[in-house]
There are 2 protein chains.
Amino acid sequence: MGIIVQKFGGTSVGSVEKIQNAANRVISEKEKGHGVVVVVSAMGKTTDELVRLAADLTSRPSKREMDMLLATGEQVTISLLTMALQEKGYEAVSLTGWQAGIQTEAVHGNARILDIDSDRIQQYVDQGKIVVVAGFQGASSLNEITTLGRGGSDTTAVALAASLKAEKCDIYTDVTGVYTTDPRYIKGARKLSGISYDEMLELANLGAGVLHPRAVEFAKNYQVPLEVRSSMENENGTIIEEEANMEENLVVRGIAFEDQVTRVTVCGLPSGLTTLSTIFTTLAKNGVNVDIIIQANTNGDTASISFSVKTSDLEDAVNVLEQHKNVLNYEKIETEKGLAKVSIVGSGMVSNPGVAAEMFDVLAKEGILVKMVSTSEIKVSTVIEQDSMVKAVEALHEAFELSKSRKAEAAAQARQA
Amino acid sequence: MGIIVQKFGGTSVGSVEKIQNAANRVISEKEKGHGVVVVVSAMGKTTDELVRLAADLTSRPSKREMDMLLATGEQVTISLLTMALQEKGYEAVSLTGWQAGIQTEAVHGNARILDIDSDRIQQYVDQGKIVVVAGFQGASSLNEITTLGRGGSDTTAVALAASLKAEKCDIYTDVTGVYTTDPRYIKGARKLSGISYDEMLELANLGAGVLHPRAVEFAKNYQVPLEVRSSMENENGTIIEEEANMEENLVVRGIAFEDQVTRVTVCGLPSGLTTLSTIFTTLAKNGVNVDIIIQANTNGDTASISFSVKTSDLEDAVNVLEQHKNVLNYEKIETEKGLAKVSIVGSGMVSNPGVAAEMFDVLAKEGILVKMVSTSEIKVSTVIEQDSMVKAVEALHEAFELSKSRKAEAAAQARQA
């Protein structure tokens with residue numbers, strides 16, 4: 001049998017008990033006859049504690065030294081998990097990022113993986129050992145310790161799975177899988193048994209938050225099948241792979257949403273070829289993340305451009321625009337807070353042109369005004385009043401029959417049993 | 001000017017404040033124009049906490065994984081001290097053991113340093129940077145993280161000083177220097193301004209505890225001048241070097257002592273050539289550390305051998321002897337607890353044959369019975385009743401005029417001022 005890569009996040013290794021629990025998950029795959037490579041994050045609050053220590057010493061720590069500091073977090077976890085596996089009678093060996101051959105750019109705090117020399121891991125696997133690798137970290141060609149930034153451990157796991165040609169990469173986390181929508185808000189939310197990389201990417205970018213988009217992209221590029229599953233509950237999770245050998249061919253796979261959205265409209269811009277590029281280059285250079293962009297009713301010489309930002313970024317956005325008023329040459333800025341973004345995602349949309357229309361229809365029937373729209377091949381996003389967000393998601397979840405398929409799945413499971 | 005290596009132990013970097021204090025010490029040498037390389041231990045209780053985490057998972061952690069775990073301790077300190085130096089406006093860079101080129105045996109828990117490739121450190125020093133190196137750790141030729149065992153950070157500092165041909169290696173600790181005897185027990189104890197490597201070795205082995213014997217040996221082999229000094233008090237410490245350009249040519253330089261000593265006597269042994277070797281090889285193989293050894297009154301066919309052990313090792317020692325009674329072929333074992341060892345140390349003894357006699361005389365006058373004696377060229381050790389230990393040390397300290405020289409030193413300092 002082939003290799004399985006398992007990844008345990010910070011909450012899944014946050015205590016001695018949880019480390020033992022993770023060890024049991026590892027052993028269960030090993031016992032099935034797989035080669036097992038495990039990737040772990042730092043224990044629970046370790047990273048926060050280290051950051052606090054640094055903050056007590058300096059308000060502007062160098063990125064190199066922060067990497068040196070934070071990389072200890074995963075190193076502690078790998079040794080402890082390895083000890084737990086050894087205590088349970090299994091041969092295991094821990095490896096830091098540099099020992100595991102994870103080569104990154106010579107950049108600190110947010111390095112990308114350039115290459116993985118997985119010979120050492122492969123050797124240990126061939127010897128029947130469980131290999132426990134520190135996530136989130138690597139080393140540059142100059143032997144500098146680097147870290148991969150947000151979602152780093154997910155990326156390590158997927159990259160190792162690709163390099164080792166693993167059968168599968170299991171992401172153990174504190175949720176049981178990927179849901180049709182956020183179950184904390186929507187009662188009918190249902191765990192998906194399968195989803196495609198592209199759908200997951202749209203959901204991840206839209207704030208579903210289970211898996212870092214970078215890791216999903218990596219998995220898509222190298223065609224690594226992922227499974228998102230719970231480290232505590234013993235049930236199947238959600239499989240993410242190229243195309244859904246999924247039991248149901250849903251047009252809409254999931255609904256993502258986020259509140260605290262603000263719309264900014266820049267009015268009276270000169271309508272030239274470079275207007276769009278100038279305005280968003282300026283914002284990007286100044287670190288303002290823009291989400292949906294709409295260029296509306298160009299009439300003659302002036303244009304008006306709307307975009308949405310997180311409300312927490314509004315002040316920055318307006319400041320940047322005002323500082324560059326001379327260059328951008330607009331008339332005025334209008335802003336509207338208290339908005340939310342609701343998006344439907346599904347690869348089936350490509351061949352179903354009426355999906356966006358159906359979404360608008362559902363919202364209209366609920367009396368919800370759509371203020372902005374953005375579409376991709378597998379996604380339709382709308383910006384609406386924040387107060388209507390949950391109502392909109394519930395109505396869409398119902399209309400696209402996302403909770404219904406729970407019955408189909410239950411029936412399928414009953415047949416299996 | 002040349003390079004100074006500074007070493008700060010766990011208590012000297014045990015908090016954010018202490019790290020800042022250490023940073024000031026570093027800067028003060030840097031400002032004098034020296035190249036500065038700093039070696040640090042793990043912060044205060046960090047190692048204990050890590051050991052406790054491991055103990056929660058297993059009662060027999062693998063040595064490799066303990067090294068992996070414990071090596072994080074120094075890595076945290078190097079990054080924090082480097083940040084503190086940068087915050088104060090100095091260029092600094094941290095290096096783990098493997099990054100610093102510290103190559104060790106492929107042994108875990110107690111590896112010896114085989115070689116140091118100090119090119120990277122030297123480059124940084126040449127660039128004017130302060131280099132902060134993790135003590136206690138290195139890497140084997142197979143890229144395994146190793147640790148050096150007890151006194152490891154002292155050894156790292158001395159080895160780096162030798163490799164970098166440093167002018168001097170300063171060991172910052174929580175005492176102000178090496179004393180004529182333990183100032184916690186003996187009022188007249190006086191800080192020495194200088195002491196030779198050999199004297200320090202005898203004192204270190206005898207439990208003076210300031211500096212690990214391994215580090216002193218290393219310093220002696222490579223003729224690295226050491227200074228033991230306080231990280232908190234701003235005063236000169238004790239310089240350790242080959243031969244004492246020391247202001248006073250004392251016959252006895254210091255008095256070491258320890259309690260909780262037990263004498264074990266093995267009676268009725270066959271008096272053959274191999275008896276001594278058999279008995280102590282057996283004890284050593286079973287991990288029992290023996291201190292003073294005396295072979296007494298061989299009369300005809302049987303011999304009796306006495307040795308001293310720490311009282312905490314007594315049970316082990318007796319068990320080993322009893323398990324091997326058949327091979328060792330002795331009559332019986334006698335033990336005497338409640339003893340202490342008191343030793344006088346000084347390189348001047350070599351040319352003063354009467355020193356041991358004077359010691360016995362002092363003890364006799366105090367009514368103290370000497371139960372065992374052991375001598376080397378620069379040391380006389382006696383085993384006496386534990387209850388008389390402090391009285392003995394006080395009398396010897398007085399008799400060999402160790403506290404008097406305080407006046408000489410004070411006078412010398414007054415002349416300087």
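Computed from a predicted structure; not experimentally measured. Residue numbers start from 1 in every chain, and the chains themselves are labelled A, B, ... in the order their sequence lines are given, proteins ahead of strands. As a basis for the values below, the full set of heavy atoms in this structure was taken, side chains included, without hydrogen atoms, waters or symmetry mates.
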Mind listing the closest non-hydrogen atom pair of B/S59 and A/E87 along with its distance?
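Looking at all heavy atoms of both residues, the closest pair is N-OE1, 3.9 Å.
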Shortest non-hydrogen contact from B/M83 toward A/P61
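Closest approach of B/M83 to A/P61: SD-CB, 3.8 Å.
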Around atom [atom1] of [X], are there more than 12 heavy atoms of other residues, nucleotides or ligands at under 6.0 Å?
X      : atom1 : answer
A/K63  : NZ    : no
A/K168 : NZ    : yes
A/R120 : CZ    : yes
A/Y90  : OH    : yes

Examine distances only and state if a side-chain atom of A/Q99 and a backbone atom of B/N143 form a donor-acceptor pair shorter than 3.5 Å.
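Answer holds: yes.
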Does the A/Q75 side chain pair with the main chain of B/L69, one donor and one acceptor, at a distance under 3.5 Å?
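Looks like no, no N/O pair under 3.5 Å.
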Heavy-atom cut-off 4.5 Å, strictly under: side chain, backbone, both or neither for [X] against chain A?
X      : answer
B/L142 : backbone
B/E144 : both
B/T77  : neither

Would you mind telling me which of [options] has the largest number of heavy-atom pairs within less than 4.5 Å of chain A?
options                     : result
B/I78, B/T82, B/T96         : B/T82
B/A92, B/A139, B/S62, B/A23 : B/S62
B/D67, B/L70, B/D56, B/T58  : B/T58

Are the side chains of A/M68 and B/L95 in touch, meaning some heavy atoms are under 4.5 Å apart?
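No, too far: nothing below the 4.5 Å cut-off.
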Any non-hydrogen side-chain atom of B/R60 less than 4.5 Å from a side-chain atom of A/Q86?
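B/R60 vs A/Q86: side chains apart.
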Hey, is A/R64 close enough to B/E91 for a salt bridge, meaning N to O under 4.0 Å?
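Salt bridge: no.
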Atom pair CH2/CD1 of A/W98 and B/I145 - distance to nearest 0.5 Å:
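With rounding to 0.5 Å, CH2 (A/W98) is 5.0 Å from CD1 (B/I145).
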Can you measure from OG (B/S79) to CG (A/L53) and round to the nearest 0.5 angstrom?
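Result: 9.0 Å between the selected atoms.
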Between A/I19, A/L50, A/V93, which has the largest tally of heavy atom pairs under 4.5 Å with chain B?
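Of A/I19, A/L50, A/V93, A/V93 has the most heavy-atom pairs under 4.5 Å with chain B.
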